[in-house]
Amino acid sequence: MDNLISFLIAAAIIGFFLLYYLRSEKKREAEARAAAERGTLRSDGPQAQHPQIDANYCIGCAACTRVCPEGDVLAMLGGKAMIVNGYKCIGHSLCAEVCPVGAITMVMANPGVSADLAVLSSERETSVKNMFVVGELGGLALIKNAINQGRDCVDAIARRMTAYGGPRPSAEVLDLIIVGAGPAGISASLRAIERKLNYLTLEEGELGGTVAKYPRQKLVMTSPVEFPMYGKFKKMELSKEELLSFWNQVLQRNDFRLRKGEKVENIQKGADGIFTVSTAKAQFRAKFIVLALGKSGSPRKLGVKGEQLPKVMYRLIEADHYVNKRILVVGGGDSAVEAAMGLASQVGNTVTLSYRQSSFGRIKDRNAQRLNEFLRKGKLKVILNSNPVEFSQDEVVLDVAGATQRILNDFVWIFAGGEPPTAFLKKIGVTLGSQDITSQARELSREAAREAEPVSVSGD
């Protein structure tokens, strides 16, 4: 009798855990299929480095699906990990690091996606001798990669200058001009200071590049990074504010030579090998050029009547500067949704989010969850299937599924992407084409894995 009772108790315990497991698997499968369904709303795939999964080695542990900071890039379907929302992937490579059997490697987007990248050498030199490209303009999207590339590129330039030897052509010719003051440009500038190069950094907008345009509290890094002259940031996650605070400290250095408000319009190389960099305000000459422009380029405009009004903007720097306002945000990506939620969180604001599609199919999971919460609480209004047709001083006119709707309005933010600087690259002679940086992305993944390993300390 005692044995029977023990058997029944054991069977009940095993049955409980088996039922829990089966329910969990069913829920996970349903979530995976829902994620795959959302993925069908987008026709584009990964835009840069992304995971490639060998199904023959995948053991179905799902570790890769849980570790991704971007949400449902990967999902378990049929017991195997699969890419279901590749367009969300920006190449963190945490999935490859966590895979226990090495079934995941990081590869570059297919040539059709990468066709407008600059063709680069192993030192990131373009087809124009002594002109280099660093950061996301070269294909790798992560801030950490941009910082590393800016540093390493200037090291290569310093080595080349040492090999060239001889005096500087003239006092007016700089060693190096860095175009762009985002992560790659700041890193390159600091390394130039370390290497004692005579350099100048030109920036069209504000310090920080793309990062400065992010909504507040956006996570910008998910692994440690090392800045020239300052050492390693040991935090695993850094917000926009933390990174910009550091960069503002850099700006106070007397040897940090930055000219803001200088949009580079042309770069020409003379017969003597010296580059002439032309902006709307001045001209500069240098022996080497580092392009750290980023891929977003200039904000894309809608071509709507009244779009030139001062109330219409394309970048939100600080949401808390706007209170008790009637605001329209246009767009359906993460930047638009995050900006709308940031503005809706300020005192007295009435915020409307206009999107031309019927659903938000391309935003991160955490943003989708937050957006639903904002809608449930009535903090934000969303108008789908809508397009702005006119902006005036105190209202906007929307076309909503063919019907006209007028909304009282004080400010408009448009997040319609950017015009990539490919035309500028062609103008200055840089060859574009498909670029296979699979091996580089894979090495970055291995490097991150090594950094994540605990350091063993042996005693005597």
Side-chain angles (χ1 to χ4, degrees), residues 14 16-40 42 45-109 140-145 219-225 234-238 334 362-370 437-456:
I14 293 172
F16 171 79
F17 284 108
L18 179 61
L19 182 62
Y20 176 79
Y21 171 77
L22 291 174
R23 284 181 174 176
S24 298
E25 284 296 297
K26 186 176 181 181
K27 180 181 178 182
R28 188 170 69 177
E29 185 79 9
E31 290 174 346
R33 295 196 181 281
E37 181 66 24
R38 289 194 295 272
T40 62
R42 290 288 297 267
Q47 300 301 299
Q49 69 276 21
H50 65 282
Q52 185 177 70
I53 303 165
D54 190 332
N56 293 322
Y57 289 96
C58 177
I59 60 175
C61 67
C64 56
T65 66
R66 293 190 291 266
V67 76
C68 179
E70 302 305 318
D72 57 355
V73 173
L74 302 173
M76 300 301 298
L77 293 172
K80 300 288 185 178
M82 294 181 62
I83 297 179
V84 293
N85 285 291
Y87 64 89
K88 292 184 178 181
C89 181
I90 61 172
H92 287 290
S93 77
L94 298 179
C95 54
E97 296 166 29
V98 79
C99 180
V101 294
I104 299 177
T105 54
M106 298 303 293
V107 300
M108 188 55 191
L140 291 171
L142 291 181
I143 290 176
K144 178 179 179 179
N145 296 337
L219 289 179
V220 294
M221 283 195 288
T222 56
S223 60
V225 67
K234 296 183 179 179
K235 292 183 64 176
M236 284 299 293
E237 292 187 346
L238 280 178
D334 284 303
R362 59 190 181 96
I363 60 175
K364 297 182 179 70
D365 276 357
R366 60 177 179 263
N367 282 336
Q369 293 166 7
R370 288 182 62 210
I437 56 172
T438 297
S439 59
Q440 182 182 359
R442 187 180 295 117
E443 179 55 35
L444 287 167
S445 174
R446 291 171 180 164
E447 179 186 328
R450 289 194 294 268
E451 290 178 353
E453 291 176 355
V455 179
S456 60

> Of all heavy-atom pairs between Cys61 and Arg66, which one has the smallest distance, and what is that distance?
Replying inline: O-NH2, 3.4 Å
> Minimum heavy-atom separation for Ala103 to Cys99, with atom names?
Replying inline: N-SG, 3.3 Å
> Is a side-chain N or O of Lys80 found less than 3.5 angstrom from the main chain of Cys58, in a donor-acceptor match?
Replying inline: yes
> Does Asp334 use its side chain to pair, donor to acceptor, with the backbone of Lys364 at less than 3.5 Å?
Replying inline: yes
>> Using the rule side-chain contact (heavy atoms from CB on, under 4.5 Å), only one of Ile53, Leu74, Ile83 pairs with Cys95; which is it?
In response: Leu74
> At what distance, to the nearest 0.5 angstrom, does CE of Met82 lie from OG1 of Thr65?
Replying inline: 13.5 Å
>> Any heavy-atom pair between the side chains of Cys64 and Pro51 that's under 4.5 Å?
In response: no
